[in-house]
Peer 1: 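This is the structure I have questions about; it appears just below.
One-based numbering along the sequence shown. Small disclaimer: the values here were computed from a predicted structure and weren't measured. In each ligand, atom 1 is the first atom listed, and ligand 1 is the first ligand listed.
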Amino acid sequence: MKFNNIIILFSALFSQVLSLNILGVFPYQGKSHFFVFAPYLKELARRGHNLTVISYFPLKEPIDNYHDISLAGKTKILEDVFPIYRSYWTIIQISFFLTNSGQENCITLLEDENVQNLWKTKQKFDLVLVELFNSDCALGLAHQLGAPVVGLTSHVLMPWHYEDYGIQYNPSYVPMLFLEGGTKPTLYQRIERSILHMYFIYLHKLTCRRNNQKTLAQYFDDVPPLDDLAKNVKMLLLYTNYVLTGSGLYPPNVHEVGGYHVTKPKELPQDLKKFIEESEHGVIYISFGSMLRATSTPKDKVQAIIDAVSEIPQRIIWKWEEKNLPGNPKNIYISNWLPQNEILAHPKVLAFYSHCGMLGTTEAIHYGVPMIGMPIFGDQPSNAAAIEENGLGVQIHIKDLTKELLLEKLRIVLNPEFRRRVKERSKVWHDRPLSAMETAIFWTEYAARNANYTFGTAAATVPLYQYRMWDVTAVILAILVIFFYSLKTVISLVQKKREDRYYEFKTK
Ligand SMILES: *[C@@H]1O[C@H](CO)[C@@H](O)[C@H](O)[C@H]1NC(C)=O
Ligand SMILES: *[C@@H]1O[C@H](CO)[C@@H](O)[C@H](O)[C@H]1NC(C)=O
């Protein structure tokens, strides 16, 4: 046994958690979500916990203590192909996508034979990890298995989470993930996010949650309302950190663990390493993940980017799925697949032009690389707003993208002073009592150790009329009304008496 393992064994003995039997339920087929969780799941297995993981992404190479229940092939894997220009209509489309996929994921999960075996053979778990995104269906499964739940997200809170955890949603300073505006929204943006926030909550509750509840009822007797199970989650591990996404007000059962997916950089491939190290003025890395495809990107926007970067002395690395770019610019290295973590880790990489997905954004702050954010979809607008607000980069709206605008933004982020400030903030990001991974593991084991206790705030369970103090306000108003009415009556009585006396006096 290696020395490391002995230490782990001893610390496990002292914290009285030897090995937990953990079930992970990841019913959503989004790649960019599961890629956040994968390192954490592997780390739990490495520390001796026994993992059973239901997902669309079974391990390519088996590791000890990690058992897959694969849903692969049961649903088309999402490569995030969505409209490029954002509008209210695309946000409404997102909402339908969330509710529909949330129900489909629930059906696929419960129909699976290997999943059914879990409850049919009455498997015992100490803990169930559940991705909380489009559906709460897995909470019903966890309840059936009789295990406490740790919720996971790969992004900021979904609108209905605010109610589930009793976190105040105040549109005047709390961003909404699908919208811009950060923590200083305009009046228009506050109205916009108030309406959409309510819309998403009610749509989720009235369609997805309700349908999930019916599907669960086909398999299990006496499933409590999902509204209640959602409030019963022991811990929520939120994939954010205040240094990146701004300070939020969270109760003790919600913990920020953003950053744990970033692994130690490996060696860069030889040609890429040479391309970076031989650059005299550094490198700019461009990747829109799978957001902007060669086939779907407007030609004038691609040309604007090429024209802008051909006027600067830096070399460019661009994730692009075709062999060539129009005009075959010499200072651009293109490839369909690029080791993003290793590229961003290289000190010669000066800026990252990105769509602001949570994975890439997190890697950028981890390595202190300034960003140009061009959000397209999902949570990207609020990530981009947070980056700009916290001095980690600047934003461009794709509809405004021109050569001149991109050059102006590049000049801002390539400024050595700007870069210095981003590096400083990156230092703050790393300055934590425990690393992101240690924090996530700690709260996971804590939830299992203290499963008999609840750490959520009463704000989540108190009835709405009490939470909003409608009853208290009504009573105080009633007292005031009675008081003033009585006062008025007394005054008029006294006045009348006086008048009577005066009258008596006069007539005497
Ligand atoms: C670990 O998980 C596997 C797969 O679910 C299960 O077959 C096995 O019994 C578990 N081991 C322990 C010690 O609980
Ligand atoms: C929770 O309470 C039950 C019943 O008192 C007990 O058997 C169980 O060991 C407790 N669980 C933990 C994790 O302390």
Peer 1: To the nearest 0.1 Å, how far is atom 8 (C) of ligand 2 from its closest protein heavy atom, and which atom is that?
Peer 2: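 Ranking protein heavy atoms by distance from atom 8 (C) of ligand 2, first comes Asn452 ND2, 3.8 Å.
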Peer 1: Measure from the ring center of Tyr242 to the ring center of Tyr250 and say whether it is less than 6.0 Å.
Peer 2: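 No, the ring of Tyr242 stays outside the 6.0 Å limit from the ring of Tyr250, centre to centre.
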Peer 1: Less than 4.0 Å from atom 10 (C) of ligand 2, is there any heavy atom belonging to the protein?
Peer 2: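 So atom 10 (C) of ligand 2 has protein heavy-atom neighbours under 4.0 Å.
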Peer 1: For Thr461, is there any backbone N or O sitting under 3.5 Å from a side-chain donor or acceptor partner on Lys231?
Peer 2: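 No, because the side chain of Lys231 does not come within donor-acceptor range (under 3.5 Å) of the backbone of Thr461.
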Peer 1: Taking atom 14 (O) of ligand 2 as the reference point, report whether a protein heavy atom occurs under 4.0 Å from it.
Peer 2: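 It does: a protein heavy atom is found less than 4.0 Å away from atom 14 (O) of ligand 2.
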Peer 1: Does the protein place any heavy atom closer than 4.0 Å to atom 2 (O) of ligand 2?
Peer 2: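 It does; a protein heavy atom is within 4.0 Å.
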Peer 1: Of the protein's non-hydrogen atoms, which lies at the shortest distance from atom 7 (O) of ligand 1, and what is that distance?
Peer 2: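 The closest heavy atom on the protein side is Gln123 NE2, 4.9 Å.
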Peer 1: Is there a side-chain contact between Val128 and Ile22, using heavy atoms and a 4.5 Å cut-off?
Peer 2: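 SC-SC contact between Val128 and Ile22 ruled out.
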Peer 1: For ligand 2, which atoms, with element, lie under 4.0 Å from some heavy atom of Arg449?
Peer 2: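 Matching atoms, with element in brackets: 13 (C).
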Peer 1: Could you go step by step and tell me if Asn212 and Gln103 meet the side-chain hydrogen bond (donor to acceptor under 3.5 Å, both in side chains) rule?
Peer 2: CA-CA 6 Å; Asn212 286 179; Gln103 173 60 3; 2.8 Å; yes
Peer 1: His197 and Tyr162: aromatic ring centres closer than 6.0 Å?
Peer 2: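 For His197 and Tyr162, the ring centres are under 6.0 Å apart.
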Peer 1: Only one of Phe133, Phe37, Tyr239 forms a ring-ring contact (aromatic ring centres under 6.0 Å, His included) with His155, so which one is it?
Peer 2: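 Looking at Phe133, Phe37, Tyr239, the match for His155 under the ring-ring contact (aromatic ring centres under 6.0 Å, His included) is Phe133.
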Peer 1: Give me the nearest non-hydrogen protein atom to atom 12 (C) of ligand 1 as residue plus atom name, then the distance to 0.1 Å.
Peer 2: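 Atom 12 (C) of ligand 1 sits closest to the protein heavy atom Asn50 ND2, 3.2 Å.
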Peer 1: May I ask you to list the atoms of ligand 2 that are less than 4.0 angstrom from any heavy atom of Ala448?
Peer 2: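 Counting from 1, the qualifying ligand atoms are 13 (C).
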Peer 1: For Asn21, take its heavy atoms, then give the atoms of ligand 1 lying under 4.0 Å from any of them.
Peer 2: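 Once the distances to Asn21 are compared, the set is 1 (C), 10 (C), 14 (O).
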Peer 1: I'd like to check which ligand 1 atoms, numbered from 1 as shown, lie under 4.0 Å from a non-hydrogen atom of Thr52.
Peer 2: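 In order of number, 2 (O), 4 (C), 5 (O).
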Peer 1: Just by modelled atom types, is the Leu434 backbone N or O under 3.5 Å from a matching donor or acceptor in the Thr439 side chain?
Peer 2: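 A pair under 3.5 Å: yes.
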